[in-house]
Student: 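Okay, here's the structure, questions in a sec.
Being a predicted model, the structure only gives us computed values, none of them experimental. We're numbering straight along the sequence, starting at 1.
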Amino acid sequence: MRLYEAPPLPPYSEQKCTEELDQILKTSPKVAILLSSIQAINKDALRRGITCRPCKGTIQEFRMGYYDGSFKRVVICCDYIRTKEELEDTLVHELTHAFDSLRKGKFKSICHLVACGEIRASALGQCSDIKPESKRNQCIWNDAVRSTELHCGTELAEKAVREVFENCVKDESPFPKKKNSSN
């Protein structure tokens with residue numbers, strides 16, 4: 001899940017969020033790769049689709065979006081989205097969770113599983129374009145710890161993120177491996 005941080009712009013209405021979402025679904029290469037990969041594993045995984053809706057006053061109140069595996073959907077919390085870039089980053093983040101929920105993996109604990117998912121979702125979503133790498137990694141670390149804390153508490157979250165960070169931050173599935181520019 002992606003947590004909300006208050007930026008200076010006004011929030012999107014549900015209508016504006018839905019219009020921008022439609023454009024992103026038609027034009028974003030990252031979203032297209034994630035959706036086709038999810039569909040290749042399980043055509044029913046997003047049976048109820050991707051929607052925009054207000055989340056204030058709900059259990060999801062401080063989230064920018066979330067993947068709901070029980071109801072097979074991604075929800076974008078329009079009352080916290082302020083730019084098309086935030087919408088796309090949030091969608092990539094939540095689709096990464098949807099993709100990861102379909103993959104097999106072995107982790108020492110549920111906290112390690114959650115931590116890895118949050119690391120990957122932040123690395124592929126909102127932190128993906130941050131430079132230099134040290135700042136990108138700090139963005140990923142902070143987001144992963146903050147989100148994992150909600151499931152595991154502060155101490156266990158930090159420990160789990162530390163233990164899985166190196167492997168999970170390198171896992172860019174389902175995206176093609178980047179060529180190493182230093183060769």
Student: Is there a salt bridge (Lys or Arg N to Asp or Glu O under 4.0 Å) between R162 and E158 once you walk through the steps?
Tutor: CA-CA 6 Å; R162 185 173 38 259; E158 288 177 0; 5.3 Å; no
Student: Using 4.0 Å as the upper bound for N to carboxylate O, is an ion pair formed by K159 and E155?
Tutor: no
Student: About how many Å separate NZ of K135 and SG of C127, when rounded to the nearest 0.5 Å?
Tutor: 13.0 Å
Student: Just by modelled atom types, is the P54 backbone N or O under 3.5 Å from a matching donor or acceptor in the D79 side chain?
Tutor: no
Student: Report the C-alpha separation of T90 and E94 in whole Å, then their side-chain angles, then the decisive distance to 0.1 Å, and conclude whether the side chain to side chain donor-acceptor pair (under 3.5 Å) test is met.
Tutor: CA-CA 6 Å; T90 300; E94 301 310 332; over 6 Å; no
Student: Hydrophobic cluster membership, with links at side-chain heavy-atom distances under 4.5 Å among I/L/V/M/F/W/Y: are L46 and F71 in one?
Tutor: no
Student: Hey, any chance I41 and V74 share a hydrophobic cluster, counting ILVMFWY side chains that come within less than 4.5 Å of each other, even indirectly?
Tutor: yes
Student: Would a hydrophobic clustering, with Ile, Leu, Val, Met, Phe, Trp and Tyr connected at side-chain separations under 4.5 Å, put M64 with L25?
Tutor: yes
Student: Can you tell me how far NE2 of H97 sits from CG of L34, rounded to the nearest 0.5 angstrom?
Tutor: 11.5 Å
Student: In the single-linkage hydrophobic clustering (I, L, V, M, F, W, Y; side-chain heavy atoms under 4.5 Å), do L95 and L102 co-cluster?
Tutor: yes
Student: Got a list of side-chain donor-acceptor pairs under 3.5 Å for residues 108-116, not counting sequence neighbours?
Tutor:
unit_1: K108; atom_1: NZ; unit_2: E163; atom_2: OE1; d: 3.2
unit_1: S109; atom_1: OG; unit_2: C111; atom_2: N; d: 3.2
unit_1: S109; atom_1: OG; unit_2: H112; atom_2: N; d: 3.2
unit_1: S109; atom_1: OG; unit_2: H112; atom_2: ND1; d: 2.6
unit_1: H112; atom_1: NE2; unit_2: E163; atom_2: OE1; d: 2.5

Student: Indicate yes or no for a side-chain donor-acceptor contact from S36 to the backbone of I33 under 3.5 Å, with no hydrogens or angles considered.
Tutor: yes
Student: Would you call K16-E20 a salt bridge at under 4.0 Å N-O?
Tutor: yes
Student: Taking only residues at least two apart or on different chains, which pairs with a member in residues 12-39 satisfy ring-ring contact (aromatic ring centres under 6.0 Å, His included)?
Tutor: none
Student: Nearest 0.5 angstrom please: K170 NZ to I119 CD1, how far?
Tutor: 12.5 Å
Student: Are I50 and L35 side-chain neighbours, meaning at least one heavy-atom pair lies under 4.5 Å?
Tutor: yes
Student: Which pairs count as ring-ring contact (aromatic ring centres under 6.0 Å, His included) when at least one residue sits in residues 156-177, sequence neighbours excluded?
Tutor: W141-F165
Student: Given side chains that start at C-beta, do those of S28 and E88 come closer than 4.5 Å, heavy atoms only?
Tutor: yes
Student: In chain order, what residues pass the side-chain contact (heavy atoms from CB on, under 4.5 Å) check against Q15, with sequence neighbours excluded?
Tutor: S13, E19
Student: Is there a side-chain contact between E86 and Q126 in this structure, where contact means two heavy atoms from C-beta onward sitting under 4.5 Å apart?
Tutor: no
Student: Determine whether the side chains of E118 and T148 contain a donor N or O and an acceptor N or O closer than 3.5 Å.
Tutor: no
Student: Under the 3.5 angstrom rule, does the side chain of R136 hit a backbone N or O of K131 as a donor-acceptor pair?
Tutor: no
Student: Can you name the closest pair of heavy atoms from A157 and V145 and give their distance?
Tutor: CB-O, 3.9 Å
Student: Can you sort out the partners of R103 under side-chain contact (heavy atoms from CB on, under 4.5 Å), two or more places apart, ordered by chain and number?
Tutor: F99, D100, R120, D171, S173
Student: Would you call D68 and K72 a salt bridge, using N to O less than 4.0 angstrom?
Tutor: no
Student: Less than 4.5 Å apart, any side-chain heavy atom of I76 and any of T51?
Tutor: no
Student: If we only count heavy atoms from C-beta on, is the T96 to V92 side-chain gap below 4.5 Å?
Tutor: yes
Student: Does any part of the side chain of S101, heavy atoms only, come nearer than 4.5 Å to the side chain of Y67, both counted from C-beta?
Tutor: yes
Student: Determine, for cysteines C78 and C52, whether their SG atoms are under 2.5 angstrom apart.
Tutor: no
Student: Mind checking whether Y66 and C55 have side chains closer than 4.5 Å, heavy atoms only?
Tutor: yes
Student: According to salt bridge (charged side-chain N to carboxylate O under 4.0 Å, His left out), does anything in residues 46-55 pair up with another residue at least two apart or in another chain? List the pairs.
Tutor: D44-R47
Student: If we only count heavy atoms from C-beta on, is the I140 to I130 side-chain gap below 4.5 Å?
Tutor: no
Student: Donor-acceptor pair, distance only, cut-off 3.5 Å: does the side chain of K30 make one with the backbone of L124?
Tutor: yes
Student: Give the intermediate values and the outcome of side-chain contact (heavy atoms from CB on, under 4.5 Å) for residues E61 and Y80.
Tutor: CA-CA 9 Å; E61 183 162 9; Y80 297 122; 3.4 Å; yes
